[in-house]
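Here the structure is laid out as structure tokens; the discussion comes afterwards.
Numbers for residues simply follow the sequence, beginning at 1. Note that the structure is predicted; figures quoted are calculated from it, not measured.
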Amino acid sequence: MKYEYREIESCLKKWKDDHKREWPYLSQEDLIANGVDAPMLFADVALDKKKTNGSFLSYCGRKLKLNAIDESISTKMVIGYIPCVNEDGEKGFLRIIRKKRKILLFLIPLLLLIGLLIGGWYFLSHQNTVDLDEAAISYQMPNGMKNDNPQEIMIPVFNQLKTNHNSNTISVGLVNPEGNPCYFKYKIVLKESKKTIYESKWIEPGTAVVEIEIKEKLKIGTYPITIKVESGSLDDPSVALNGGEIESTLKVE
């Protein structure tokens with residue numbers, strides 16, 4: 001059975017599968033807020049990929065393997081529900097579950113102590129927090145493209161950027177591809193005047209800023225620009241890695 005993802009406006013939470021791919025889902029509280037007390041369940045997300053019944057969820061060119069509904073739910077933890085529609089057009093949900101973790105109670109004090117020691121060390125060694133760009137959102141590149149080589153840095157290319165002469169807003173995907181071993185920081189510079197019209201803060205891998213506001217309104221015309229990409233280590237962004245510069249144009253209509 002094939003299921004298609006069903007858009008729900010309040011479906012904002014993201015669950016990552018074993019391949020680090022993100023899938024939108026609703027929590028139990030979200031369901032209740034949407035007036036759904038007893039969701040129509042079609043299947044469970046497959047915990048054991050070898051036991052899948054052949055069903056799958058299709059979303060953005062990706063497939064998520066499914067199992068028949070597990071009745072022994074007392075040994076499982078429900079993470080949430082993915083809204084979908086089946087081949088007959090019926091609306092329902094796919095349940096995301098995982099096995100409950102068993103905890104040895106006598107280890108808790110020791111684990112707490114270790115956690116406090118590690119937390120204290122981390123705090124002392126990472127007092128300079130990363131200044132992340134608040135406008136960045138989770139973002140997947142076309143066809144699920146990502147960086148599969150942690151020894152390299154993937155830098156995107158850009159077509160002509162466009163904006164209106166009555167607006168300072170530009171729709172553009174300033175993306176840091178998933179799998180990159182670094183943060184990205186973007187800067188857009190007018191080539192002729194060398195003036196910086198936009199500069200982002202740090203952008204994490206797998207996220208992007210999709211709408212920016214330049215610092216000034218430009219007259220109608222086409223402006224050569226340089227999109228500069230600065231990279232910083234995930235361990236310490238002040239440690240610079242390889243960046244790049246992309247030549248493009250900004251068309252003001």
Side-chain angles (χ1 to χ4, degrees), residues 1-108 111 115 136-150 154 175-181 204-208 210 234:
M1 174 71 73
K2 175 182 177 182
Y3 300 92
E4 294 285 348
Y5 174 73
R6 175 166 55 93
E7 293 284 350
I8 293 182
E9 185 176 351
S10 58
C11 193
L12 303 176
K13 294 182 175 63
K14 304 289 185 181
W15 169 74
K16 288 186 179 181
D17 61 18
D18 294 340
H19 302 289
K20 305 301 181 183
R21 302 175 303 180
E22 293 186 334
W23 303 85
Y25 77 95
L26 297 167
S27 66
Q28 184 68 46
E29 292 76 14
D30 295 332
L31 284 180
I32 295 174
N34 279 272
V36 181
D37 294 323
M40 169 67 75
L41 295 180
F42 290 137
D44 284 339
V45 173
L47 288 175
D48 187 346
K49 303 301 184 294
K50 296 180 180 179
K51 296 181 180 179
T52 180
N53 61 7
S55 298
F56 65 90
L57 170 67
S58 177
Y59 173 60
C60 293
R62 297 173 285 156
K63 292 183 178 180
L64 182 63
K65 294 182 179 181
L66 306 172
N67 278 344
I69 296 174
D70 191 338
E71 300 299 338
S72 59
I73 194 61
S74 61
T75 62
K76 308 295 188 303
M77 178 182 293
V78 178
I79 298 175
Y81 303 84
I82 302 175
C84 66
V85 59
N86 65 15
E87 294 174 348
D88 297 325
E90 295 177 312
K91 296 180 180 179
F93 296 88
L94 304 173
R95 187 172 58 180
I96 306 171
I97 59 175
R98 73 180 183 192
K99 295 179 180 178
K100 290 183 179 179
R101 295 185 175 91
K102 295 181 179 179
I103 300 176
L104 298 179
L105 296 180
F106 67 86
L107 287 179
I108 289 179
L111 293 176
I137 62 173
S138 178
Y139 187 92
Q140 184 178 46
M141 298 185 68
N143 301 318
M145 185 187 304
K146 63 180 180 179
N147 184 5
D148 293 319
N149 187 349
M154 179 185 290
V175 59
N176 185 352
E178 180 182 351
N180 268 351
E204 296 178 285
T207 66
V210 298
L234 292 177

Where is the tightest heavy-atom contact between [X] and [Y], given as atom of each residue plus distance?
X	Y	answer
Ile97	Val45	CG1-O, 4.5 Å
Phe93	Pro39	CD1-CB, 3.6 Å
Pro205	Asn176	N-ND2, 3.3 Å
Ser10	Asn34	OG-ND2, 3.0 Å
Cys11	Leu26	CA-CD2, 3.5 Å

Can you list everything that forms a salt bridge (charged side-chain N to carboxylate O under 4.0 Å, His left out) with [X]? Sequence neighbours excluded, please.
X	result
Glu4	Lys2
Lys63	none
Arg21	Asp17

Check against side chain to side chain contact (heavy atoms under 4.5 Å, CB included), Asp30 and Lys13: CA-CA 10 Å; Asp30 295 332; Lys13 294 182 175 63; 2.9 Å; yes
From CA spacing to verdict: side chain to side chain contact (heavy atoms under 4.5 Å, CB included), Lys91, Arg6: CA-CA 8 Å; Lys91 296 180 180 179; Arg6 175 166 55 93; 3.7 Å; yes
When rounded to the nearest 0.5 angstrom, what is the spacing between [atom1] in [X] and [atom2] in [Y]?
X	Y	atom1	atom2	answer
Arg62	Trp23	CZ	CH2	5.0 Å
Leu94	Leu57	CG	CG	5.5 Å
Glu22	Tyr59	CD	OH	9.0 Å
Ile82	Asp44	CD1	CG	10.5 Å
Ile8	Leu31	CD1	CG	8.0 Å

Closer than 3.5 angstrom, by distance alone: can the side chain of Asn180 be matched with the main-chain N or O of Met154 as a donor-acceptor pair? yes
Listed once per pair and sorted, the salt bridge (Lys or Arg N to Asp or Glu O under 4.0 Å) pairs that draw on residues 32-41, sequence neighbours left out
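As it turns out, there is no salt bridge (Lys or Arg N to Asp or Glu O under 4.0 Å) pair with a partner in residues 32-41 once direct neighbours are skipped.
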Query raised in the report: Ile79: what forms a side-chain contact (heavy atoms from CB on, under 4.5 Å) with it, not counting sequence neighbours?
Result: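 Listed in chain order: Trp15, Tyr25, Ile96, Arg98.
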Practice problem: Would you please name every residue forming a side-chain contact (heavy atoms from CB on, under 4.5 Å) with Met1, sequence neighbours left out? | Solution: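 Met1: side-chain contact (heavy atoms from CB on, under 4.5 Å) contacts with Tyr3, Ser55, Asn86, Glu87.
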Worksheet item: Looking just at side-chain N and O atoms, do Glu178 and Tyr139 make a donor-acceptor pair shorter than 3.5 Å?
Response: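 Per modelled atom types, Glu178 and Tyr139 side chains form no pair under 3.5 Å.
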If you draw a 6.0 Å radius around CG in Asn143, do more than 12 non-hydrogen atoms from other residues or ligands fall strictly inside?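 At most 12 heavy atoms, drawn from other residues, nucleotides or ligands, come within 6.0 Å of this atom.
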